[in-house]
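To keep things clear, I will list the structure first and then write my remarks on it.
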Protein chains: 2
Amino acid sequence: MSRGRLDEIDRRILASLQENGRMTNVEVAERAGITAPPCLRRVRALEESGIIRGYHADVDPAALGYTITVFALVSLKSQAEDDLQAFEQHIAKLPEVRECFMLNGEIDFVLRVVAQDLQSFQRFLTSNLTPAPNVASVKTSLVIRKSKNDPGVPIPA
Amino acid sequence: MSRGRLDEIDRRILASLQENGRMTNVEVAERAGITAPPCLRRVRALEESGIIRGYHADVDPAALGYTITVFALVSLKSQAEDDLQAFEQHIAKLPEVRECFMLNGEIDFVLRVVAQDLQSFQRFLTSNLTPAPNVASVKTSLVIRKSKNDPGVPIPA
DNA sequence: AGTGAAATATATAGACC
DNA sequence: GGTCTATATATTTCACT
């Protein structure tokens, strides 16, 4: 059920759902220029092929008491694949870490971390992140504000 | 129409929609332990108060030809608010920059940048990012893989 | 692969507690 | 703020092209 490449209609569907993940299928179909049934089939195919990975409400962290967002730049002692995976498995268990990217260069990982306040962030840092397996250094920067928020990727019209 | 604090039911609604932004209202209501109509009212109130900022499909960048994701760590020459805003206004116009956070410390901004290939990324870097107003230094790191992807924030049960 | 109509399910508004 | 009922929409299936 995997199509090789996406056509213009698929791209319009993706653009619509990336912009508004709760748009009704009828409206997605209208924007894509087809009727609802084939549109729904395409959406399902995009979901099943993994091109659409999921749908998520963007919730204001402050509303749930998360006043602190931090980026943590982590360097490891060893970049052997086993050691990288050991670190990944460790952070997978930490709920404060919401996203983690493996990078090339001096910094091995960048983590987006949330916490209710500075004190609980410090506790997380000293108890869970700095002592993680294989960690050489951790540099943290507090987020002052989110300057731009365009989730996803550009989709050409 | 603004409630001061969120109750248990609101938190369950947020947890459900953060996990699956296309969950039907009926299922959101079931999980929250209430019936559909009051659940829908709560969802609308959460949307209107800005606690739910939006809903977005998580689209695999590779499917659209974006093989490159880069984190750019930008330091500015001046941290005066006017200069910070000038930089923010510049990057607001750049479609390659999907997210931008202002940070404390030596690094002033972290940017998530996507590109179709390394060549177009280099072009973006030398034509649009490094020459941006007030930029002192730009350090870039290529993303090798996304190790963890839990959008949003932890919501206690 | 798309259309149009029919069936099923969901969202939404209203009356009431 | 909640439930129950009724209606309007949307989703989903199906026969057909």
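Sequence lines set the chain letters: A, B, ... in the order given, protein chains first and strands last, and positions in each chain run from 1.
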> What integer distance in Å separates B:Arg41:CZ from D:dC4:P?
Replying inline: 14 Å
>> I need the CD1-P distance between B:Ile34 and C:dC17, as an integer number of Å.
In response: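 Interatomic distance, CD1 of B:Ile34 to P of C:dC17: 21 Å.
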>> Is there a side-chain contact between B:Arg42 and the phosphate of D:dG2, meaning an N or O under 4.0 Å from OP1 or OP2?
In response: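 Checking B:Arg42 against D:dG2: at least one side-chain N or O falls below 4.0 Å of OP1 or OP2.
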>> Looking at A:Thr35, I'd like to know whether one of its side-chain N or O atoms comes within less than 4.0 Å of OP1 or OP2 on C:dT3.
In response: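 True: A:Thr35 side-chain N/O within range (under 4.0 Å) of C:dT3 OP1/OP2.
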> So which of A:Lys148, A:Lys146, A:Arg112 actually passes side-chain hydrogen bond (donor to acceptor under 3.5 Å, both in side chains) with B:Glu99?
Replying inline: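 When side-chain hydrogen bond (donor to acceptor under 3.5 Å, both in side chains) is applied between B:Glu99 and each of A:Lys148, A:Lys146, A:Arg112, only A:Lys146 qualifies.
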> Checking side chain to side chain contact (heavy atoms under 4.5 Å, CB included) against B:Asn134, which of B:Asp82, B:Asp83, B:Asp108 comes through?
Replying inline: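 Of B:Asp82, B:Asp83, B:Asp108, side chain to side chain contact (heavy atoms under 4.5 Å, CB included) with B:Asn134 is met by B:Asp83 alone.
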> Do the side chains of A:Leu64 and B:Val28 join up, straight or via other hydrophobic residues, at under 4.5 Å, putting them in one cluster?
Replying inline: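 Yes.
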> Which pairs count as ring-ring contact (aromatic ring centres under 6.0 Å, His included) when at least one residue sits in residues 74-105 of chain A, sequence neighbours excluded?
Replying inline: A:Phe87-A:Phe109, A:Phe101-B:Phe71
> What is the minimum heavy-atom distance between A:Gly152 and B:Arg98, and which atoms define it?
Replying inline: O-NE, 3.0 Å
> Who are the ring pair (Phe, Tyr, Trp, His ring centres under 6.0 Å) partners of B:Phe121, not counting sequence neighbours?
Replying inline: none
> Between C:dG2, D:dC14, D:dT5, which nucleotide has the shortest distance from any of its atoms to the side chain of B:Pro37?
Replying inline: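 Closest nucleotide among those given: D:dT5.
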Report all interatomic pairs (protein N or O, nucleotide N or O of nucleotides 9-11 of chain D) with separations under 3.5 Å.
unit_1: D:dT11; atom_1: OP1; unit_2: A:Asn25; atom_2: N; d: 2.6
unit_1: D:dT11; atom_1: OP2; unit_2: A:Asn25; atom_2: N; d: 3.2
unit_1: D:dT11; atom_1: OP2; unit_2: A:Val26; atom_2: N; d: 3.0

